[in-house]
Asker: 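Before anything else, here's the structure in question.
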Amino acid sequence: MPLMPAPRHSALLPALMTLAMLAACNRQPATPAPASQAAPPDTTTTTASATTSHASAQATQSSTAGHAVKESTDAYEFSYSWPAAADAQPALRARLAADEAAQRATLKHDAEQGQKEAARDKYPFHAFGHWQEWQVVADLPDWLSLSSLVGNDSGGAHPNYGYAAILWDKRAGQARNALDLFTARAALTGAIHADFCKALDAQRAKKRGGHASLGGDSGFDACVDPLAQTVILGSRGKKAFDRIGFLIAPYEAGPYAEGSYEVTLPVTPAVLAAVKPEWRGAFAVQ
């Protein structure tokens, strides 16, 4: 799936994976559950390894600092950041600031409760954590596409992480759901499903050393629903959306050891035909 050149690396994903490995060594093992991870783009499919940015559909990365906050106490660790491109949109900045405050408040409450329970039941307390870094996927004249890796640690066997996305309509000053730009879920699924499953299985085979029975109907050999994942819109040409990406969090497409997966596909005539007429001007076939 052709994409942009490899984006700048994010420190958050490798840090989360390191935390997970350390925690797994030092805490009681949890019941195994599925997880996922991603690897760097090539000219046909895009993946993202544990050392690359989760936003490999990224077209631009802000060169200025934007906003970042870090807080560490005996009970929790918290970090939250967004790029300058988001900071330049007042309504979006307010939305992100509100989310930051809500996430911190929730983390603080849960960590304090965890401390009390650990003291009451006399077991070791492990600090809770929330880490979130918003990155630019595409910064277009009328649109700003962001994705975020979200890490959480609630004192269990290991930290977990997932993804979030915001598609910001600059002219309207509001967020839109990427899937709302398409006529119907079935139409978009029909346009991308075969290519999505092929790309996902290629990544699985690589991670599994070629020893996998892919394309099955159950377990981690079956394809996953692309539209149930975090959907991001990207741009190679930097003028319109010409890429559509799918960020697949842990426990979705493979065991935890495989990390997350990322699939990015070009906007084809079939994908463009699935876009609502009023939004087709925002897309381009690559």
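Start at 1 with the first residue, then count along the sequence.
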Asker: Given 3.5 Å as the limit, does a donor-acceptor pair link the side chain of Arg176 with the main chain of Leu167, or not?
Answerer: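 Not a single qualifying donor-acceptor pair exists.
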Asker: When you look at NZ of Lys170, are more than 12 heavy atoms from neighbouring residues, nucleotides or ligands closer to it than 6.0 Å?
Answerer: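 For Lys170, atom NZ is crowded (more than 12 foreign heavy atoms under 6.0 Å).
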Asker: Is atom CZ of Arg120 surrounded by more than 12 heavy atoms (other residues, nucleotides or ligands) closer than 6.0 Å?
Answerer: yes
Asker: Would you say that Trp82 contacts Ile166 through its side chain, given a criterion of any heavy-atom pair below 4.5 Å between the two side chains?
Answerer: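 Side-chain contact under 4.5 Å: no.
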Asker: Would you name the heavy atoms of Tyr256 and Pro159 that are closest together and state the gap between them?
Answerer: OH-O, 2.9 Å
Asker: Between Phe78 and Tyr80, what is the ring plane arrangement, given parallel below 30°, perpendicular above 60°, and tilted in between?
Answerer: parallel
Asker: Evaluate the side-chain proximity of Val275 to Val267: yes if any heavy-atom separation is below 4.5 Å, no if none is.
Answerer: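 Not touching, per the 4.5 Å side-chain cut-off.
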Asker: Using a strict 4.0 Å threshold on nitrogen-to-oxygen distance, state whether Glu100 and Arg104 make a salt bridge.
Answerer: yes
Asker: Arg185: what forms a side-chain hydrogen bond (donor to acceptor under 3.5 Å, both in side chains) with it, not counting sequence neighbours?
Answerer: none
Asker: Supply the atom-to-atom distance Leu247 CG to Ser148 OG, rounded to the nearest 0.5 angstrom.
Answerer: 10.0 Å
Asker: Can you tell me how far the CD atom of Gln286 sits from the CZ atom of Arg243, to the nearest 0.5 Å?
Answerer: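 Nearest 0.5 Å value for the CD-CZ distance: 4.5 Å.
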Asker: May I ask you to test the Glu258-Phe220 pair for a side-chain heavy-atom distance under 4.5 Å?
Answerer: no
Asker: Is it true that a side-chain atom of Gln174 and a backbone atom of Asp169 form a donor plus acceptor pair closer than 3.5 Å?
Answerer: no
Asker: Tyr76: which residues meet the side-chain hydrogen bond (donor to acceptor under 3.5 Å, both in side chains) condition with it, sequence neighbours left out?
Answerer: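 side-chain hydrogen bond (donor to acceptor under 3.5 Å, both in side chains) check on Tyr76 returns Glu71.
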Asker: Does some side-chain heavy atom of Asp87 sit less than 4.5 Å from a side-chain heavy atom of Arg93?
Answerer: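 Yes, side chains in contact.
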Asker: Closest approach of Ala111 and Ala75, non-hydrogen atoms and distance?
Answerer: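 Where Ala111 meets Ala75 most closely, the heavy atoms are CB-O, 3.5 Å.
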Asker: Can you confirm whether Ile192 sits close enough to Pro226 that some side-chain heavy atom of one is under 4.5 Å from a side-chain heavy atom of the other?
Answerer: yes
Asker: Are the side chain of Ser235 and the backbone of Ala240 linked by a donor-acceptor contact shorter than 3.5 Å?
Answerer: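 Yes.
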Asker: Mind checking the CG-CD1 spacing from Leu227 to Ile244? Nearest 0.5 Å is all I need.
Answerer: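 Those atoms lie 7.5 Å apart.
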Asker: Applying ring-ring contact (aromatic ring centres under 6.0 Å, His included) as the test, list every pair that has at least one member in residues 186-210; sequence neighbours left out.
Answerer: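 Listed once each, the pairs are Phe196-Phe246.
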Asker: Only one of Asp139, Asp142, Leu144 forms a side chain to side chain contact (heavy atoms under 4.5 Å, CB included) with Trp168, so which one is it?
Answerer: Leu144
Asker: To the nearest 0.5 Å, what is the distance between CG (Leu107) and CD (Gln132)?
Answerer: 11.5 Å
Asker: Let me see the working for Phe283 and Leu181 under side-chain contact (heavy atoms from CB on, under 4.5 Å), right down to the final yes or no.
Answerer: CA-CA 10 Å; Phe283 289 78; Leu181 275 57; 3.8 Å; yes
Asker: By side-chain contact (heavy atoms from CB on, under 4.5 Å), which residues pair with Asp110, not counting sequence neighbours?
Answerer: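 With neighbours one apart ignored, the set is Thr106, Phe128.
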Asker: May I ask you to decide if the ring planes of Trp143 and Trp279 are parallel, tilted or perpendicular, using 30° and 60° as cut-offs?
Answerer: perpendicular
Asker: Take atom CG of Asp180 as the centre, draw a 6.0 Å sphere, and report whether it contains more than 12 heavy atoms from other residues, nucleotides or ligands.
Answerer: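 Counting neighbours around CG of Asp180, more than 12 heavy atoms of other residues, nucleotides or ligands fall under 6.0 Å, so yes.
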Asker: Would you say the side chain of His126 lies within less than 4.5 Å of the side chain of Asp153, judging by non-hydrogen atoms?
Answerer: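 No, side chains not in contact.
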Asker: Under the side-chain contact (heavy atoms from CB on, under 4.5 Å) criterion, do Asp221 and Arg208 qualify, and how do the steps go?
Answerer: CA-CA 11 Å; Asp221 292 333; Arg208 300 173 190 180; 3.1 Å; yes
Asker: What is the distance from atom NE2 of His109 to atom CD of Gln113, rounded to the nearest 0.5 Å?
Answerer: 4.5 Å
Asker: Can you tell if the side chain of Asp195 reaches within under 4.5 Å of the side chain of Pro266, non-hydrogen atoms only?
Answerer: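 Not touching, per the 4.5 Å side-chain cut-off.
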Asker: Would you call Asp242 and Arg236 a salt bridge, taking side-chain N to carboxylate O under 4.0 Å as the test?
Answerer: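 Judged by the 4.0 Å cut-off on N to carboxylate O distance, Asp242 and Arg236 do not form a salt bridge.
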Asker: What disulfide bond (SG atoms under 2.5 Å apart) pairs are there with at least one residue in residues 249-286, not counting sequence neighbours?
Answerer: none
Asker: State plainly whether the residues Asp201 and Arg204 are in salt-bridge range, i.e. N to O under 4.0 Å.
Answerer: yes
Asker: Measure the OH-OG1 distance between Tyr163 and Thr230 for me, rounded to the nearest 0.5 Å.
Answerer: 8.5 Å
Asker: Begin with the C-alpha distance, continue with both residues' side-chain angles, and end with the deciding distance and a verdict on side-chain contact (heavy atoms from CB on, under 4.5 Å) for Leu146 and Leu92.
Answerer: CA-CA 11 Å; Leu146 301 174; Leu92 175 56; 4.0 Å; yes
Asker: Identify the two heavy atoms, one from Tyr123 and one from Gly114, that lie closest to each other, and give their separation to 0.1 Å.
Answerer: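 The answer is OH-O, 4.3 Å.
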Asker: Go through Leu149 and Glu133 one step at a time and tell me if the side-chain contact (heavy atoms from CB on, under 4.5 Å) criterion holds.
Answerer: CA-CA 6 Å; Leu149 184 68; Glu133 177 188 4; 5.7 Å; no
Asker: Check whether any side-chain heavy atom of His67 lies under 4.5 Å from a side-chain heavy atom of Leu96, and answer yes or no.
Answerer: no
Asker: Closest approach of Ala88 and Pro90, non-hydrogen atoms and distance?
Answerer: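 Smallest interatomic distance, heavy atoms only, reads O-CD, 3.4 Å.
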Asker: Residues two or more places apart in sequence or in another chain: which of them pass salt bridge (Lys or Arg N to Asp or Glu O under 4.0 Å) with Lys276?
Answerer: none
